[in-house]
Amino acid sequence: MRKLPLFAIVCLAMIWHSASAQLGGSRAFEYLNLPNNARQAALGGVNVTSGWEDPGQVISNPALINSEMVNQLVISRLGYFADIANTSLTYVSEVGKYGTWAFHLDYLSYGDIQSFDEEGFLNGAFSVNEYALSIGNSQVFGPFSVGAGLKLAVSDLASFKATGLMFDVGGTFKHPEKDLTLGFAVKNVGFLLSDYTDDNNSQLPTDIQLGISFKPEFMPFRFSATARNLVRSDVTFFDPSSNSLLGQDKQPGFGEEIFRRLVFGAELLFSPNFQLRFGYNHLLRQELKLENASGGAGFSFGLMFKIKRFEFAYSRALYHTAGGSNSLQMNLNLSGLIKKKQND
């Protein structure tokens, strides 16, 4: 247990070497930033403090791993654009005297893609797949929790393949009396085991995220705010020739620079068995809306309901007038099934 805080400090020190400000298009494994569960997708796509009872959230912040999640299995599927789909599996288990561990798999498939030669003749179809395997653990120190995860990520793009070994580190403070959680997560710190080509120099999608979730005592809402892209010096992009088509004639100012790093979420808690969820991602809205139509870009919503040991969740995230993505998730509590089998 004493080694885990030291491990977190080492990873935090590593980030300044591997996470210098990077612009879009230079980083590999960007699929790791896709929301991989329905709660996260409904709350704006990024959240590191909500979900103490949801094992699907442990990949967002390993410090959320706790004993209440033991023997829970989570299956989640994100239906993205075209034939692209991301399937996630999470299982939490008690491993003897070594504490509570979470095991997670992400598998992103782009479907079949047609291949053509330089003359335009069909060569056939090829597949593109990306996946990540991870394992995480957390330790509790009073109201504080510290977690760490190790992941192996693979990006297989036809004849090009990259592999990376990455660490996630997270921490939370959970108020002992109020429904208040503060948290942070350092994501995707590590190194490449192999790159797409010998002369390529892919960067990892490293990020630091800070968050807060709070439920006022006499309100049925839990509110969340998460700051991300904290390793980048600039998250705005402005090209006068293209941005004018989106109705953006001026260079984004300091306010936009701050606001585009923030993601907001809210949960309407009717009961422990039924919730509605809402989110807003300002960066997505500003980058994907059109001048005369936004299509609700940046907004997201969802719901969750429980029936005995089953929990179901659905969310929809709006990206563009062309449409959005849908997430379906099922949580299955295996504790009752395991005990019943042992008794038999």
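- In summary, the side chains of Asp112 and Ser127 do not present any donor paired with an acceptor at a separation below 3.5 Å, with no hydrogens or angles considered.
- A distance below 6.0 Å separates the ring centres of Phe312 and Phe305.
- Between Arg277 atom CZ and Leu303 atom CG the span is 8.0 Å, to the nearest 0.5 Å.
- Between Asn47 atom CG and Ile212 atom CD1 the span is 11.5 Å, to the nearest 0.5 Å.
- In this structure, a donor-acceptor pair under 3.5 Å is present between the side chains of Asn129 and Tyr107.
- The structure places CZ of Phe223 at 9.5 Å from NZ of Lys215, a figure rounded to the nearest 0.5 Å.
- The two residues Gly56 and Val74 make their nearest non-hydrogen contact at N-CG2, 3.9 Å.
- A chain of hydrophobic side-chain contacts below 4.5 Å, direct or via other Ile, Leu, Val, Met, Phe, Trp or Tyr residues, connects Leu108 to Leu204.
- No side-chain heavy atom of Glu311 sits less than 4.5 Å from a side-chain heavy atom of Met330.
- The side-chain heavy atoms of Arg316 and Phe301, taken from C-beta on, include a pair separated by under 4.5 Å.
- For the residue pair Asn66 and Val92, the shortest heavy atom distance occurs at O-CG1, 4.5 Å.
- Between the Lys306 side chain and the Phe310 main chain, no donor and acceptor come within less than 3.5 Å of each other.
- For an aromatic pair to be called close, the ring centres must be under 6.0 Å apart, and Tyr31 with Tyr110 fails this.
- In terms of modelled atom types and a separation under 3.5 Å, the side chain of Asn61 and the main chain of Ala63 share a donor-acceptor contact.
- For the residue pair Asn71 and Tyr91, a side-chain donor N or O sits within less than 3.5 Å of a side-chain acceptor on the partner.
- Other residues, nucleotides and ligands contribute over 12 non-hydrogen atoms within 6.0 Å of the OH atom of Tyr280.
- The backbone N or O of Val95 lies less than 3.5 Å from no partner atom in the side chain of Ser93, so there is not a single donor-acceptor pair.
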_Step-by-step side chain to side chain contact (heavy atoms under 4.5 Å, CB included) determination, Tyr314 to Met304_ = CA-CA 7 Å; Tyr314 165 79; Met304 179 280 292; over 6 Å; no
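- For the residue pair Asp54 and Gln57, no side-chain donor N or O sits within less than 3.5 Å of a side-chain acceptor on the partner.
- Without hydrogens or angle criteria, Asn229 side chain to Arg232 main chain gives no donor-acceptor distance under 3.5 Å.
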*Which is it for Thr206 and Asn188 under the side chain to side chain donor-acceptor pair (under 3.5 Å) test, yes or no, and what are the steps along the way?*
CA-CA 5 Å; Thr206 307; Asn188 305 320; over 6 Å; no
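- Side-chain N/O atoms of Ser50 and Arg39 include a donor and acceptor closer than 3.5 Å.
- Summarising the geometry, atom OG1 belonging to Thr163 is positioned 11.5 Å from atom CZ belonging to Phe191; distances are rounded to the nearest 0.5 Å.
- Put simply, Ile75 and Leu332 are part of the same group of oily side chains (I, L, V, M, F, W, Y) that touch within less than 4.5 Å, one to the next.
- Side-chain atoms of Lys178 and Glu217, non-hydrogen and from C-beta on, never get closer than 4.5 Å to each other.
- In this structure the side chain of Tyr80 reaches within 4.5 angstrom of the side chain of Leu34, judged on heavy atoms.
- Counted within 6.0 Å of CD on Glu94, heavy atoms from surrounding residues, nucleotides or ligands total more than 12; the atom is thus considered enclosed.
- Between Pro35 and Leu78, the shortest heavy-atom distance links the atoms O-CD2, 3.7 Å.
- Under the 3.5 Å distance criterion, with hydrogens and angles disregarded, a donor-acceptor pair is assigned to the side chains of Thr87 and Arg77.
- Checked by atom type and distance alone, the side chain of Arg261 never pairs as donor or acceptor with a backbone atom of Glu256 at under 3.5 Å.
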_Residue pair Met166, Val189: steps toward the side chain to side chain contact (heavy atoms under 4.5 Å, CB included) verdict_ = CA-CA 5 Å; Met166 287 167 264; Val189 180; over 6 Å; no
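- Residues Lys151 and Ser134 approach most closely at CB-CB, 3.6 Å, considering heavy atoms.
- Looking at Glu130 and Val154, their side chains never come closer than 4.5 Å, going by heavy atoms from C-beta outward.
- Both Leu152 and Phe167 are assigned to one and the same hydrophobic cluster, defined by single-linkage of ILVMFWY side chains at heavy-atom distances under 4.5 Å.
- Taking CD of Gln72 as the start and CD of Glu53 as the end, the distance is 9.0 Å to the nearest 0.5 Å.
- Between Ser300 and Phe278 the shortest side-chain heavy-atom distance does not fall below 4.5 Å.
- Phe144 and Phe173 have their aromatic ring centers within a separation under 6.0 angstrom.
- Between the side chains of Ser213 and Ser224, a donor-acceptor pair is found at a separation under 3.5 Å.
- For the pair Thr90 and Ile59, the minimum side-chain heavy-atom distance is 4.5 Å or more.
- Between Thr49 and Leu182, the shortest heavy-atom distance links the atoms CG2-C, 3.9 Å.
- The environment of CZ in Phe126 is crowded: more than 12 heavy-atom neighbours from other residues, nucleotides or ligands sit within 6.0 Å.
- In this model, a donor atom of one side chain and an acceptor atom of the other lie less than 3.5 Å apart for Ser335 and Asn333.
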*Should Leu284 and Tyr319 be marked as a side chain to side chain contact (heavy atoms under 4.5 Å, CB included) after you check the CA-CA gap, both sets of side-chain angles, and the distance that decides it?*
CA-CA 7 Å; Leu284 286 180; Tyr319 292 105; 3.6 Å; yes
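- Phe184 and Leu230 fall within a single hydrophobic cluster, where Ile, Leu, Val, Met, Phe, Trp and Tyr are joined by side-chain heavy atoms under 4.5 Å apart, directly or via other members.
- Side-chain N/O atoms of Trp52 and Thr172 include no donor and acceptor closer than 3.5 Å.
- Annotation for Ser202 and Leu192: closest pair O-CD1, 3.5 Å, computed over non-hydrogen atoms.
- Counting heavy atoms from C-beta on, the side chains of Phe116 and Gln114 come closer than 4.5 Å.
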_With side chain to side chain contact (heavy atoms under 4.5 Å, CB included) as the criterion, how do Gln139 and Asn137 come out once you've worked through the C-alpha distance, each side chain's angles and the decisive distance to 0.1 Å?_
CA-CA 7 Å; Gln139 300 291 339; Asn137 174 255; 3.2 Å; yes
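- Residue Leu269 is not grouped with residue Met219 when hydrophobic side chains (ILVMFWY) are merged at heavy-atom distances under 4.5 angstrom, including chains of intermediate members.
- In the model, Arg228 has a side-chain atom that pairs as donor or acceptor with a side-chain atom of Asn281 under 3.5 Å.
- Distance alone, capped at 3.5 Å, places no donor-acceptor pair between the Asp168 side chain and the Lys187 backbone.
- Here the straight-line distance linking atom CG of Leu32 with atom CG of Asp106 works out to 7.5 Å at 0.5 Å rounding.
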